[in-house]
2 protein chains.
Amino acid sequence: MNQKDQVCQYKLMASRDALEVIQGKWRIPIIIALTHGTKRFGEIQRDISDISPKMLSQELKALEMNKIVKRTLHDTMPVTTEYSLTPLGESMTNLLNEILNWGIHFREEVLKRDN
Amino acid sequence: MNQKDQVCQYKLMASRDALEVIQGKWRIPIIIALTHGTKRFGEIQRDISDISPKMLSQELKALEMNKIVKRTLHDTMPVTTEYSLTPLGESMTNLLNEILNWGIHFREEVLKRDN
DNA sequence: GTAACTACTTACCCAGAGGTAACTACTATA
DNA sequence: TATAGTAGTTACCTCTGGGTAAGTAGTTAC
């Protein structure tokens with residue numbers, strides 16, 4: 001295996017680590033919603049209008065386990081729950097921006113072609 | 001809907017466009033393999049050692065349809081096929097780099113925590 | 001008392017993502 | 001003649017991501 005191949009293997013490994021965390025239909029949208037500040041369950045659900053409570057609950061738990069999202073219970077009446085990004089979650093800012101930029105670029109390219 | 005919400009909705013839309021293209025276990029790895037230059041079917045399969053020919057064939061077709069990858073047939077004996085990135089595929093460089101950077105960062109954070 | 005809002009959980013179902021194995025068709029080499 | 005390498009295709013199976021619908025438990029407002 002030459003050096004170029006080794007670099008490629010290293011990159012493939014790193015991409016798998018990242019993909020494991022961001023894989024799925026809802027995780028990136030949830031993280032994006034939380035970059036706009038701390039939010040409650042219902043607020044995220046309203047932002048991402050077509051997510052079901054089941055999926056939101058499930059994906060928030062997974063993100064919490066990966067230390068991307070922090071869940072805070074407030075001892076108010078009634079009890080409220082707040083979700084926010086951890087420092088690790090906030091470290092995804094550049095990644096999220098590139099996803100957005102490329103998404104916009106891709107849409108423009110597709111429209112150009114179709115007209 | 002206030003301005004902050006509108007920005008959030010726009011971002012969510014853009015992320016969905018991008019996610020539709022990069023979703024799945026194999027697409028990002030395939031694109032990464034091709035950033036190291038034009039490759040043949042068997043070469044990609046050797047780089048990504050645990051992909052089956054079925055999945056590689058299927059995902060290459062999808063990427064070709066989205067104009068991320070170009071397929072070139074060479075009229076040699078025997079016939080060889082080469083895959084390379086299109087300009088649109090090459091425009092993913094920044095996105096791929098951020099995925100890699102964050103993947104490395106994430107792995108470091110996880111290791112820190114586990115020790 | 002009843003409706004509505006908070007934040008979920010549980011049960012059930014299905015399409016499709018992905019895996020495995022075998023097969024095709026052609027060429028080159030021993 | 002047979003084995004190996006080129007580039008896939010096809011059939012079949014399994015598992016799980018995600019959807020739907022309904023239920024839970026507490027509080028507040030009418």
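Order of the sequence lines fixes the chain letters, A, B, ..., with proteins taken first and strands second; residue numbering starts at 1 for each chain.
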Q.
Tell me whether A:K39 at atom NZ has more than 12 heavy atoms from other residues, nucleotides or ligands lying less than 6.0 Å away.
A. yes
Give me the residues of [range] where at least one heavy atom lies under 4.0 Å from an atom of DNA chain D, by number, or none.
range                     : result
residues 17-42 of chain B : B:R40, B:F41, B:G42
residues 48-61 of chain B : B:P53, B:K54, B:S57, B:K61
residues 64-73 of chain A : none

Q) Does a nitrogen or oxygen in the side chain of B:R46 sit under 4.0 Å from OP1 or OP2 of D:dT6? A) yes
Q.
If you compare every side-chain N and O of B:T81 against the phosphate oxygens of D:dT6 (OP1, OP2), does one of them come in below 4.0 Å?
A. no
Q: Using atom types as modelled and distance alone, determine if a side-chain donor or acceptor of B:T86 lies under 3.5 Å from a backbone N or O of B:K67.
A: yes
Q. Okay, side chain of A:T38, backbone of A:E82: is any donor-acceptor separation there less than 3.5 Å?
A. no
Q: Round to the nearest Å and state the distance from B:Q45 atom CD to D:dA4 atom C1'.
A: 15 Å
Q: Let me know the distance between CD of B:E43 and P of D:dG5, rounded to the nearest Å.
A: 15 Å
Separation between [atom1] of [X] and [atom2] of [Y], rounded to the nearest 0.5 Å:
X     : Y     : atom1 : atom2 : answer
B:E43 : A:D5  : CD    : CG    : 9.0 Å
A:L60 : A:I30 : CG    : CD1   : 5.0 Å
B:R71 : B:L73 : CZ    : CG    : 5.0 Å
B:I44 : B:E59 : CD1   : CD    : 12.0 Å

Q: State plainly whether the residues A:K112 and A:E109 are in salt-bridge range, i.e. N to O under 4.0 Å.
A: yes
Q. What heavy-atom pair brings B:S91 and A:W102 nearest, and what distance separates the two atoms?
A. OG-NE1, 3.0 Å
Q: Heavy atoms only: give me the nearest B:Y83-B:R40 pair and the separation to one decimal.
A: CD1-C, 4.5 Å
Q | Per-nucleotide pairing state of DNA chain D [Watson-Crick or G-U, under 3.5 Å; [ ] pseudoknot-crossing; | other strand] | A | ||||||||||||||||||||||||||||||
Pair up each side-chain donor or acceptor in residues 14-25 of chain B with any protein partner under 3.5 Å, not counting sequence neighbours, and list the distances.
{"unit_1": "B:S15", "atom_1": "OG", "unit_2": "B:L12", "atom_2": "O", "d": "2.9"}
{"unit_1": "B:R16", "atom_1": "NH1", "unit_2": "A:D50", "atom_2": "OD2", "d": "3.0"}
{"unit_1": "B:R16", "atom_1": "NH2", "unit_2": "A:D50", "atom_2": "OD1", "d": "2.9"}
{"unit_1": "B:D17", "atom_1": "OD1", "unit_2": "A:R107", "atom_2": "NH2", "d": "3.1"}
{"unit_1": "B:D17", "atom_1": "OD2", "unit_2": "A:R107", "atom_2": "NE", "d": "2.5"}
{"unit_1": "B:D17", "atom_1": "OD2", "unit_2": "A:R107", "atom_2": "NH2", "d": "3.2"}
{"unit_1": "B:Q23", "atom_1": "OE1", "unit_2": "A:G24", "atom_2": "N", "d": "3.3"}
{"unit_1": "B:Q23", "atom_1": "NE2", "unit_2": "A:G24", "atom_2": "O", "d": "3.1"}

**Q.** Note, A:N66 side chain near B:F106 side chain (heavy atom, < 4.5 Å)
**A.** yes
**Q.** Test salt bridge (charged side-chain N to carboxylate O under 4.0 Å, His left out) applied to B:E98 - qualifying residues, sequence neighbours left out
**A.** none
